[in-house]
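Remarks on the structure that follows.
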Amino acid sequence: MAKYLAQIIVMGAQVVGRAFARALRQEFAASQRAAEARGQAGRQSAAASSFTGMTLQEAQQILNISTLKPEEIQKNYEHLFKVNDKAVGGSFYLQSKVVRAKERLDEELSIQQQHQTKPPDQQQQDQQQT
């Protein structure tokens with residue numbers, strides 16, 4: 001009886017292991033396709049998120065903006081930076097988050113400007129190289 005129980009457990013583990021490996025391969029392939037679809041700008045944006053430790057969405061939430069407009073970013077940044085100043089009873093941690101959010105959004109604006117100023121044939125060459 002114990003022999004059959006052990007066989008059932010081993011077979012179950014093998015089935016679960018194969019299913020997990022298959023799901024992992026599918027997820028990796030989907031991630032690769034998504035990266036290719038994003039193109040060069042998407043890769044640079046992902047690299048910026050990795051480098052700053054903050055996603056674009058998180059930075060937008062911190063500065064309370066919905067679109068990437070430099071004027072709106074600067075206005076909200078200045079307000080939140082002043083409000084969170086330690087001299088007026090604010091939090092240094094929150095103030096640093098505001099600074100990092102602005103840096104992340106500035107980086108995203110820079111990436112967008114780079115890809116808008118490139119001629120279409122240069123953008124196509126960049127995509128073919130990757």
Side-chain angles (χ1 to χ4, degrees):
M1 184 68 155
K3 179 180 174 183
Y4 293 121
L5 184 58
Q7 286 178 340
I8 290 172
I9 291 172
V10 168
M11 288 176 59
Q14 288 175 342
V15 168
V16 170
R18 284 189 211 120
F20 180 74
R22 188 176 316 123
L24 196 60
R25 281 192 300 271
Q26 289 174 349
E27 183 61 32
F28 182 72
S31 175
Q32 292 275 331
R33 286 191 302 272
E36 289 171 6
R38 283 193 308 261
Q40 182 69 18
R43 282 188 285 281
Q44 286 179 337
S45 182
S49 292
S50 175
F51 180 72
T52 61
M54 183 179 293
T55 65
L56 179 60
Q57 291 78 18
E58 183 181 2
Q60 286 178 310
Q61 286 177 343
I62 289 170
L63 289 182
N64 193 27
I65 62 166
S66 56
T67 58
L68 294 178
K69 296 179 183 172
E71 303 82 26
E72 185 180 1
I73 292 170
Q74 186 63 34
K75 178 184 161 200
N76 288 7
Y77 165 75
E78 288 173 359
H79 170 72
L80 290 169
F81 190 84
K82 288 176 189 173
V83 168
N84 288 300
D85 191 0
K86 196 156 178 120
V88 294
S91 164
F92 179 74
Y93 173 77
L94 292 177
Q95 196 177 42
S96 67
K97 285 297 242 182
V98 168
V99 170
R100 297 295 167 249
K102 182 171 184 319
E103 288 174 350
R104 177 63 181 94
L105 293 174
D106 287 344
E107 182 68 27
E108 190 66 26
L109 286 171
S110 170
I111 291 168
Q112 287 181 0
Q113 282 181 334
Q114 285 176 356
H115 288 281
Q116 288 175 353
T117 59
K118 281 186 182 180
D121 59 331
Q122 180 64 37
Q123 290 177 0
Q124 204 172 33
Q125 286 176 354
D126 287 347
Q127 288 178 350
Q128 289 174 352
Q129 289 175 353
T130 57

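- Leu109 CG to Arg104 CZ: the interatomic distance, rounded to the nearest 0.5 Å, is 10.0 Å.
- A single hydrophobic cluster is seen to contain both Leu56 and Val99, as judged by linkage of ILVMFWY side chains at heavy-atom distances under 4.5 Å, directly or through other members.
- Both Met54 and Leu68 are assigned to one and the same hydrophobic cluster, defined by single-linkage of ILVMFWY side chains at heavy-atom distances under 4.5 Å.
- With contacts defined as side-chain heavy-atom distances shorter than 4.5 Å, the pair Glu71/Lys75 does not qualify.
- Around CD of Glu27, the count of heavy atoms belonging to other residues, nucleotides or ligands within 6.0 Å does not exceed 12.
- A distance-only check finds no donor-acceptor pair linking the side chain of Gln60 to the backbone of Ile65 [under 3.5 Å].
- Between Phe81 and Val98 the shortest heavy-atom distance is N-CG1, 4.2 Å.
- Just one of Asn76, Leu80, Leu63 meets the side-chain contact (heavy atoms from CB on, under 4.5 Å) condition when paired with Lys102; it is Leu63.
- Here Glu108 contributes atom CD and Ile111 contributes atom CD1; the two are 5.0 Å apart, rounded to the nearest 0.5 Å.
- Using a 4.0 Å cut-off between a side-chain N of Lys or Arg and a carboxylate O of Asp or Glu, Arg100 and Glu58 do not qualify as a salt bridge.
- Here the closest heavy-atom approach between residue Thr67 and residue Glu72 is recorded as OG1-OE1, 3.7 Å.
- Between Glu78 and Lys82, no side-chain nitrogen of the basic residue sits less than 4.0 Å from a carboxylate oxygen of the acidic one, so the salt-bridge criterion is not met.
- Closest non-hydrogen pair, Ala59 versus Ala101, comes out as CB-O, 3.6 Å.
- Environment of CG in Asp85: crowded, with over 12 heavy atoms of neighbouring residues, nucleotides or ligands closer than 6.0 Å.
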